[in-house]
Number of protein chains: 2
Amino acid sequence: MRRMTARPANAHQARLLKLLRDGGPRSRAQLGDRVDLSRSKLAVEVDRLLETGLVVADGLAASRGGRRSHNVRLAPGLRFLGVDIGATSVDVAVTNAELEVLGHLNQPMDVREGPVAVFEQVLAMAAKLRASGLAEGYDGAGIGVPGPVRFPEGVPVAPPIMPGWDGFPVREALSQELGCPVMVDNDVNLMAMGEQHAGVARSVGDFLCIKIGTGIGCGIVVGGEVHRGTTGSAGDIGHIQAVPDGRPCACGNRGCLEAHFSGAALARDALEAAQQGLSPELATRLEANGRLTAVDVAAAAAAGDPTSLGLIRQGGTRTGQVIAGLVSFFNPGLVVIGGGVTGLGHTLLAAIRTQVYRQSLPLATGNLPIVLGELGPKAGVIGAARLISDHLFSPA
Amino acid sequence: MRRMTARPANAHQARLLKLLRDGGPRSRAQLGDRVDLSRSKLAVEVDRLLETGLVVADGLAASRGGRRSHNVRLAPGLRFLGVDIGATSVDVAVTNAELEVLGHLNQPMDVREGPVAVFEQVLAMAAKLRASGLAEGYDGAGIGVPGPVRFPEGVPVAPPIMPGWDGFPVREALSQELGCPVMVDNDVNLMAMGEQHAGVARSVGDFLCIKIGTGIGCGIVVGGEVHRGTTGSAGDIGHIQAVPDGRPCACGNRGCLEAHFSGAALARDALEAAQQGLSPELATRLEANGRLTAVDVAAAAAAGDPTSLGLIRQGGTRTGQVIAGLVSFFNPGLVVIGGGVTGLGHTLLAAIRTQVYRQSLPLATGNLPIVLGELGPKAGVIGAARLISDHLFSPA
DNA sequence: CCCACTTTGTCCTCTCCCTGGAAAAAGTGG
DNA sequence: CCACTTTTTCCAGGGAGAGGACAAAGTGGG
């Protein structure tokens, strides 16, 4: 099947495509309610989109009291690939043009194996999704990587946890392999875009999206747009000092947030507690699996283990301290917490909230919701699909 | 004299006005080089601006090898009023349409005396500038206040250091008194706009502007636009925790940056040092003036007083700690340090730089200049003029 | 001083886009 | 079956803008 080649010819068409993407199929009249164009102009632009094949007719709409109108929708065969490369696993999903996830695969994988090995895996997963009949091909792909990205070129720069990736032409290489346009971004930014598109952050202009996984990062959305910073490293909050003269961190400093709380730090603290006999619950789990992860701590906490609860609370407090500073600085309308450790759930959330509300000024926190992301592991892939669709649905 | 009533009718005219404001008088042809309009269209829009009186002819331009062209410039009679209300003093300046400062007054005044008293003073100063022949009237005024502002309405909200101002309709009231449009913003945001317009931050899209005066605040510029936050309190970094379990702060918490370093904190530390006999230099000054301020510390440090130097270095280190966190988070292209304590100069700057470069990741700091603002007390008033001119030079 | 060439400013036409009205098409409900 | 509503198409007219032609003004060399 020939894939999408057309792009909107002007801003009006781009606007219409995005309306159809975000609101689903609808009639010309309904589109007209939202775009401030004359009926004739609207009809012309819709006709042109129909000609390009990006948009197709979709039956009759419900009557609003008069003549029923003909619906239009985005081409049902359009497929976007969303790829979320984490430190320890890869998520790949197919979406339709409305960014609904049609199929989603997850595979454990160490990002340190390098771009070549990882992309082999990603391509295999993409092929598998295609083979299962969900897609005949891909019209575009969004890729998230766990480190800073020089956004315009789609190239990772100086990524601390993925050394082999520095300067690897991710966008170029994947575009070649997949035969479609590709955009690359930091995984946290994509999570933010995902929650903005389909999660808790709909209709919020300025918000922060904190992702706590193997490391800690923060997506920053200003006026509806992701802020990436001058060198693409904005949101890199894992190495903000949380504890003066605290634990040494891989980055060379001491007391970094990430050294005190993150998936990796939590696992290490749990191991220590188990070995010191502080927590029978964790000790049992260590014996059973031979190792401990954040998931074990979550389970132990759920079972009421006080040591695990304490670890989570302490981590939440430290994270909350840092977030409090960011809230004072940035004054967001919403803070979303997500990532691998959301399994820690409300214990973590409560600790973070307590600390933020205590430490930030009332004006900034007065009406500030701090909530868990609602998309879980889908946030990243939906954000990735959104990234590429934003690109393709913009005038060339 | 009748003041400016016209506003640009469309985005093209707005663009032209801003070019003339920022680049000074120039010919139609030179304007054409920068706006991507056909010559005929450009001529039409310039003619319309000439009709409104916002723009006037200004003689012949130098030849570029052919026919000499006629220059145009913004109306030479346009006057903006820039007002910068600080915690302990008020700056008022008149500018022309190009935002050049034609006259500038400064008056000590305690903002806690309340809006009525302060505005009486401001109006007197504005009248004095007018009386000295610098202006026949004002076409617009920008006002900066030392606290959060609900920007669209131009009303201070919950300002910690200026209790009487909460909810006072600053914009409304001053607009009435001055008989011209008024815009209100936080003083730090205006300082950032000033440095962006005429100072060190020209041509930088994302930067932070730290103002250290009686308190500490931070202007945030993202993509050339000031970020004000959801409730107008963005940049309120004075109450970020710098020292865990540190000094009690007026806000109710402990260890706030402002409690440890600011004009007020520095004066208090200096007093303590003088009384404990740690610094003969400061003790002498205390005896001479009956009190100590940041200026005394600066002078003592310049004279080599080790205690004063130590205070400045320690303050710089703490400020640097906080800035390091903000740099990791925001990844700016520039950090500007300004405000009353810039008199502390390079000792302070060196301490801040050391701390930021040590604590933030190389990718974010690699090419990050940290510099003193170059406009001093003029930054605020220029920023204020810029604020109102941006407003008036936009389509209504 | 004349001439070739460059730059600038003006004029004019042609095209395209869009608005807004009119009318036709398609439904709803009594 | 009829009055009314909503949607869609069609059409004429106005307006804005691009772009070319040409006039005006200036430079520099012969």
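So you know, we letter chains A, B, ... as the sequences are listed, proteins then strands, and number each from 1.
Distance check, rounded to the nearest 0.5 Å: CG of B:L129 to CG of B:L81 gives 7.5 Å. Interatomic distance, CG of A:D22 versus CG of A:L99, reported as 7.0 Å (0.5 Å rounding).
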Expected list for residues 66-78 of chain B: side-chain donor-acceptor pairs under 3.5 angstrom, two or more places apart:
from: B:R68; atom 1: NE; to: B:A61; atom 2: O; distance (Å): 3.0
from: B:S69; atom 1: OG; to: B:S27; atom 2: OG; distance (Å): 3.3
from: B:N71; atom 1: OD1; to: B:S27; atom 2: N; distance (Å): 3.0

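For B:P395, the side chain to side chain contact (heavy atoms under 4.5 Å, CB included) partners at least two apart in sequence or on another chain are B:A14. Residues forming a side chain to side chain donor-acceptor pair (under 3.5 Å) with B:D36 (at least two apart in sequence, or on another chain): none. In this view, A:H227 and B:F330 satisfy the ring pair (Phe, Tyr, Trp, His ring centres under 6.0 Å) rule, not counting sequence neighbours. For A:R171, the side chain to side chain contact (heavy atoms under 4.5 Å, CB included) partners are A:V182, A:M183, A:V184, A:H391, not counting sequence neighbours. Not a single side chain to side chain donor-acceptor pair (under 3.5 Å) links A:T95 to another residue, sequence neighbours left out. Residues satisfying the salt bridge (charged side-chain N to carboxylate O under 4.0 Å, His left out) criterion with B:R79, sequence neighbours excluded, are absent altogether. Here B:E374 pairs with B:R202 under the salt bridge (charged side-chain N to carboxylate O under 4.0 Å, His left out) rule; sequence neighbours left out.
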*Base-contact (B) and sugar-phosphate-only (S) positions in nucleotides 21-30 of chain C, heavy-atom cut-off under 4.0 Å, - elsewhere*: BB--BBSS--
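Separating the CD atom of B:E45 from the C1' atom of D:dA18 is a distance of 14 Å, rounded to the nearest angstrom. Remark: C1' of D:dG19 and CG of B:L37 are 14 Å apart, rounded to the nearest angstrom. With rounding to whole Å, B:Q30 atom CD is found 13 Å from C:dT7 atom P. What separates NE2 of A:H70 from P of D:dT9 is a distance of 8 Å, to the nearest Å. Rounded to an integer number of Å, the gap from CZ of B:R48 to C1' of D:dG17 is 11 Å. The distance between atom CG of B:D47 and atom P of C:dG9, rounded to the nearest whole Å, is 11 Å. In this structure, A:N10 places its CG atom 13 Å from C1' of C:dC16, rounding to the nearest Å. Protein atom CG of A:D33 is 11 Å distant from nucleotide atom C1' of D:dT6, rounded to whole Å.
Of the residues in residues 18-29 of chain A, A:R28, A:A29 come within less than 4.0 Å of DNA chain D through at least one heavy atom, sorted by number.
The list of side-chain hydrogen bond (donor to acceptor under 3.5 Å, both in side chains) pairs with a residue in residues 9-18 of chain A, not counting sequence neighbours, reads A:N10-A:E45, A:Q13-A:E45.
Looking at the side chain of A:A43, the nearest of the listed nucleotides D:dA18, D:dT9, C:dC18 is D:dT9.
Residue A:K41 places at least one side-chain N or O under 4.0 Å from the OP1 or OP2 atom of C:dC18.
Within 4.0 Å (heavy atoms only), B:S38 reaches at least one base atom of the nucleic acid.
Shown here, C:dG30 forms a base pair with D:dC1; the pair counts as Watson-Crick or G-U wobble because both key distances fall under 3.5 Å.
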If you restrict it to nitrogen or oxygen atoms, what contacts under 3.5 Å exist between nucleotides 12-15 of chain D and the protein, and what is each distance?
none

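For the residue pair A:T231 and B:N367, no side-chain donor N or O sits within less than 3.5 Å of a side-chain acceptor on the partner.
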